[in-house]
Amino acid sequence: MDAITKEFNRLEKNGSFDKYIDDVDELIELLQKTRKTIDAAPQSRREQLAILKSGCTSWTNKMAESQKDIYGALSKYAKVLDKKFKVDIEAAYNPNAFPQSGDKLLDRAVAMHLIRDGQFQVADKLIQEADLDIPEALEQEFMDMYRILESLKQKDLGPAIEWAASKRDRLAQSGSNLEFNLHSLQFVHLFTHPNGNGTRLALEYARENFAVFGDRYLADISKLMCAFLFQSNLQASPYASTFLSPSAWDDVAHSFTKEFCSLLGLSPDSPLYLAALAGAIALPTLLKVGSIMREKQTEWSSENELPVEIPLPPSFQFHAIFVCPVSKEQTTDENPPMMMPCGHIVAKDSLARMSKGNPNQRFKCPYCPNESIPNQAIRVYF
Amino acid sequence: MSKDFNPENYILLEQALLRLPQQLMRQNFKSSQKYIERDVNYLSGAANEALNSCLGGTGPEESLQQVDAMIGRLQGLKRKLEVLRDEENALMAKSKARLNYLQELYNIKSVDDKEYERWNRLRLHRLLVDNLLRNGYSQSATALIEANENIRELVDMDILMQCKTIEESLRNGSTAECLSWCQENKSYLKKAKNGLEFDVRLQQYIEYVRQDRSLEAITYSQKYLVPNADTNLDAILRSSALLVFPASDDEDNPYKDLYSQERWNQLADSFVATHHSLHGLSMPSLLQISLSAGLSALKTPSCKSGNHPISFVSNYNSSLCPICSPELNELSKPLPYAHHVRSSVEPDPVMLPNGRIYGRHTLIQFSEEAGLPIGKVRDPTTGDEWDESVIRRVFPS
């Protein structure tokens with residue numbers, strides 16, 4: 001990159017058309033001077049025109065010089081770009097990826113991403129221009145979500161608590177603690193408020209709101225209540241970390257987003273964003289593969305699996321991966337993982353191979369001395 | 001893998017970003033060369049003429065007129081050059097903005113850096129605008145730029161919109177716009193031995209014949225098609241037969257392929273391919289290229305749309321899987337899944353009686369948070385409950 005920036009800076013200095021304009025201005029000046037002189041003293045015109053002619057010649061040379069300079073700067077810049085970008089990124093593209101663009105799947109994904117990202121106006125324009133059918137209700141939901149997030153930013157928990165209360169049953173079903181966490185944050189917020197009667201307000205708040213959580217969250221409520229004992233010196237107390245944590249609000253906003261999206265059946269982070277990010281990480285490897293394939297003139301096969309491994313950071317793993325230790329293949333629905341009575345797991349096809357296709361043939365587990373028959377193996381789910 | 005972050009990997013993908021303004025600058029320069037050459041020749045000639053005619057005895061008014069003409073001409077050149085200079089400055093500013101944008105990558109230390117996320121979100125917006133413009137959704141693209149002003153210099157609105165306009169004109173049966181584009185880019189097309197212009201003119205000829213304007217068709221063919229007889233003889237011969245076989249939807253018409261309206265679509269596609277090739281743009285958009293890679297890299301054999309979206313604490317949360325999401329699931333179907341050589345499952349795996357396997361810690365924690373009493377566990381996926389004693393250790397590796 002440094003080479004490119006350096007060359008570009010040079011281009012900026014040497015490649016400007018201002019040179020031309022200056023040269024042209026000079027000649028115009030000469031012409032105007034000539035004109036004035038001839039006008040005032042017509043008898044001088046032979047001399048003047050001779051001067052003009054040589055002036056034109058030197059102008060021509062100057063322009064040629066400037067042209068050379070500018071062209072030189074431009075082509076050096078072009079060369080340094082050529083040197084850097086030798087690979088054609090299309091080599092990494094799988095042509096089976098997006099078959100005919102008639103189905104607006106990608107456009108839909110883009111529109112959904114825009115809605116999630118809070119860019120509602122853009123999303124609306126796209127839905128209109130591309131004639132997509134995205135339920136309006138979805139957009140409405142996200143508008144609500146952003147509204148609540150906005151108030152959370154202003155440290156106003158009201159709308160969030162209201163929402164959580166309205167979805168109490170569904171949240172409980174998924175094991176979420178959101179509603180209670182919101183209330184405890186409010187409690188802490190009141191408690192730690194700089195003005196004097198924070199603790200009293202907190203107590204009142206607790207009395208009003210914690211009752212309904214009594215059966216499930218008794219331990220947590222007791223913990224919170226004991227904070228009153230330390231109210232004079234929270235910093236030194238065991239409550240310092242929970243009460244004075246700076247990230248508490250961010251955490252709760254994050255939690256809220258997660259719960260909100262999961263109730264809609266969606267993940268909290270935009271899938272499109274994650275996929276594009278994974279793509280950026282994966283492309284260099286695929287570029288190499290693609291270039292090799294081009295050289296050897298092989299096609300992107302319609303095989304189900306990529307030909308190479310693409311290492312992604314751990315945060316990009318969303319499913320358990322099971323690779324059969326015998327066949328070294330990933331298990332699928334057609335070839336699921338099977339557990340033998342000894343507790344070891346192999347792919348179904350491997351099982352068949354080890355028992356020579358006979359479901360009642362005894363065979364030895366590849367890991368331990370135990371023997372079993374395929375019929376005893378159970379299908380497992382990771 | 002990577003706490004490591006290699007900026008080079010990202011920069012290599014951004015070829016078009018830097019190339020496009022550079023090519024436009026080159027085109028700009030060529031235009032300037034044309035003007036300058038013309039006027040340089042004129043001026044040297046005019047200066048010579050003025051001196052010679054003066055020596056030959058003409059009067060001062062004549063000389064003044066000649067000088068005035070030269071001034072006028074030069075001022076015209078100056079104006080043209082000023083326009084080109086402004087264009088070049090704009091392209092320089094654009095290039096500079098883009099170089100700075102790429103330079104930002106070097107400030108990022110790792111994939112966990114906040115800056116990394118910010119840079120990538122911006123990148124996604126760029127990719128979206130580019131994709132929207134390629135599909136012709138210019139209002140959406142404009143709206144997106146206006147919502148994120150700092151991408152304006154990073155996208156090529158004008159070029160893509162111009163391409164779309166010409167593409168649409170072809171789909172609507174008009175050849176004029178495309179032909180004028182071909183004129184402007186004559187030298188590139190010639191160097192690349194591209195047959196676009198001939199194909200478009202052939203289509204125009206076919207239209208004349210279709211409309212029964214035979215005389216115009218013949219003249220047109222003589223002017224534009226016949227000169228290319230060395231490279232396109234077959235096409236010319238076939239097309240001349242059209243004069244005898246009028247257009248009809250008749251299945252038996254041996255020239256129905258030439259009369260087919262589908263040819264307009266093919267021309268449009270061919271134009272887009274030529275246009276992008278000239279400007280160094282890839283045919284699939286950068287968004288599509290990124291996604292085709294990313295979707296495959298993320299996809300596993302277990303990715304299905306039927307996954308229950310329940311959020312629970314786990315190392316692997318299929319509810320968060322982008323491939324399983326309703327937005328991307330359909331889109332990912334034609335793509336291959338990622339290749340893995342090593343298993344990666346939760347530590348300390350245990351199996352429930354229904355065959356489902358979870359990490360022991362995940363299972364216990366989930367059950368606890370769901371409010372179950374100690375000693376009881378619940379399957380996060382199905383909701384069934386058991387005593388903790390029924391779970392057993394398994395050994396996937």
Side-chain angles (χ1 to χ4, degrees), chain A residues 17 20 24 28 31 35 38 42 45-46 49 52-53 56 60 85 90 93-94 96-98 105 109 112 119 122 125-126 129 174-175 216 258 262 265 267 271 273-279 282-284 286 304-306 309-311 313 318-323 330 332 343-345 380-382, chain B residues 1-2 9 15 40 43-44 47 50-51 54 60 63 67 71 74 78 81 85 88 120 124 137 139-140 143-144 282 284 289-290 292-298 300-302 309-311 316 318 320-322 325 327-328 330-331 334 336 339-340 343-345 355-357 369-371 394-396:
Chain A
F17 281 21
Y20 288 158
V24 172
I28 293 183
L31 279 167
R35 189 198 198 282
I38 296 184
R45 64 188 197 281
R46 191 175 303 175
L49 288 174
L52 185 61
K53 178 171 161 181
C56 276
T60 307
F85 297 115
E90 276 187 61
Y93 181 66
N94 181 347
N96 302 321
F98 299 104
L105 287 176
M112 304 258 298
Q119 315 237 20
V122 189
K125 274 263 152 58
L126 179 58
E129 271 189 306
S174 66
R216 197 170 149 194
K258 206 162 78 131
S262 91
S267 63
Y273 170 71
L274 288 173
L277 194 49
L283 272 173
L286 285 175
N304 278 333
E305 200 171 338
L306 283 177
E309 188 181 14
I310 301 191
F318 299 97
H319 294 273
I321 309 274
F322 178 67
V323 175
Q330 287 182 74
T332 64
H344 289 111
I345 307 181
V380 289
Y381 304 86
F382 279 100
Chain B
M1 201 235 156
S2 29
N9 286 341
Q15 195 176 153
V40 155
L43 276 164
S44 326
L51 183 60
C54 164
S63 301
V67 174
I71 294 180
L74 260 186
K78 179 175 175 184
L81 285 176
R85 184 224 16 219
E88 212 216 12
N120 269 300
L124 183 56
Y137 304 135
Q139 286 181 349
S140 312
L144 191 49
S282 55
I289 297 179
S290 284
S292 90
L295 292 175
S296 272
L298 288 170
T300 68
S302 2
I310 306 173
S311 59
Y316 312 120
S318 59
L320 303 180
C321 173
S325 73
E327 290 109 303
L328 298 181
E330 196 66 38
L331 202 56
H339 178 69
H340 290 272
S343 290
S344 180
V345 302
R356 292 187 183 272
I357 298 180
E369 289 194 351
V394 291
F395 309 94

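Not measured: the values here are computed from a predicted model. Protein chains get the first letters and strands the later ones, always in sequence-line order, with residue 1 at the start of each.
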From CA spacing to verdict: side chain to side chain contact (heavy atoms under 4.5 Å, CB included), I321(A), T300(B): CA-CA 8 Å; I321(A) 309 274; T300(B) 68; 3.8 Å; yes

query: Can you say whether E330(B) sits under 4.5 Å from chain A via the side chain, the backbone, both, or neither, judging by heavy atoms?
result: both

- prompt: Please walk me through it: do L298(B) and F318(A) pass side chain to side chain contact (heavy atoms under 4.5 Å, CB included)?
  reply: CA-CA 8 Å; L298(B) 288 170; F318(A) 299 97; 4.1 Å; yes

message: Rounded to the nearest 0.5 Å, what separates atom CZ in F85(A) from atom CD in Q15(B)?
response: 6.5 Å

query: Hey, what do you get for CD (Q139(B)) to NZ (K125(A)), rounding to the nearest 0.5 Å?
result: 5.5 Å

query: Is any side-chain heavy atom of P336(B) less than 4.5 Å from a side-chain heavy atom of N304(A)?
result: no

- request: Decide yes or no for F382(A) and P396(B): does some side-chain heavy atom of the first lie under 4.5 Å from some side-chain heavy atom of the second?
  value: yes

query: Do E305(A) and H339(B) have a side chain donor and acceptor closer than 3.5 Å?
result: yes

query: Heavy-atom distance under 4.5 Å between the side chains of F98(A) and L331(B), does that happen here?
result: yes

- prompt: Out of curiosity, Q330(A) CD to S343(B) OG, how far, rounded to the nearest 0.5 Å?
  reply: 8.5 Å

- prompt: Does a donor on one side chain and an acceptor on the other come within less than 3.5 Å for E90(A) and S282(B)?
  reply: no

- line: Scored by heavy-atom pairs under 4.5 Å with chain B, the best of A276(A), G343(A), A97(A), A278(A) is G343(A)

task: Kindly compute the distance separating OG (S296(B)) from CG (L286(A)), expressed to the nearest 0.5 Å.
output: 7.5 Å

task: Using a cut-off of under 4.5 Å on heavy-atom pairs, state which of T60(A), I38(A), L277(A), L283(A) scores highest against chain B.
output: L283(A)

Region of L81(B) that comes under 4.5 Å of a non-hydrogen atom in chain A: both

- prompt: For the candidates C54(B), A50(B), S44(B), A47(B), which exhibits the highest count of non-hydrogen atom pairs separated by less than 4.5 Å from chain A?
  reply: C54(B)

- prompt: Between atom CG of L51(B) and atom SG of C56(A), what is the distance when rounded to the nearest 0.5 Å?
  reply: 11.0 Å

task: List the steps, then state whether side chain to side chain contact (heavy atoms under 4.5 Å, CB included) holds for L144(B) with L126(A).
output: CA-CA 10 Å; L144(B) 191 49; L126(A) 179 58; over 6 Å; no

query: Would a 4.5 Å heavy-atom cut-off, applied to side chains only, mark P322(B) and Y273(A) as touching?
result: no

task: Would you mind checking which part of L328(B) comes under 4.5 Å of any heavy atom in chain A, side chain (CB onward), backbone (N, CA, C, O), both or neither?
output: side chain

- prompt: So do V380(A) and R356(B) actually touch side chain to side chain, heavy atoms under 4.5 Å?
  reply: no

message: Counting heavy-atom pairs under 4.5 Å with chain B, which one of V24(A), I310(A), L52(A), I345(A) comes out on top?
response: I345(A)

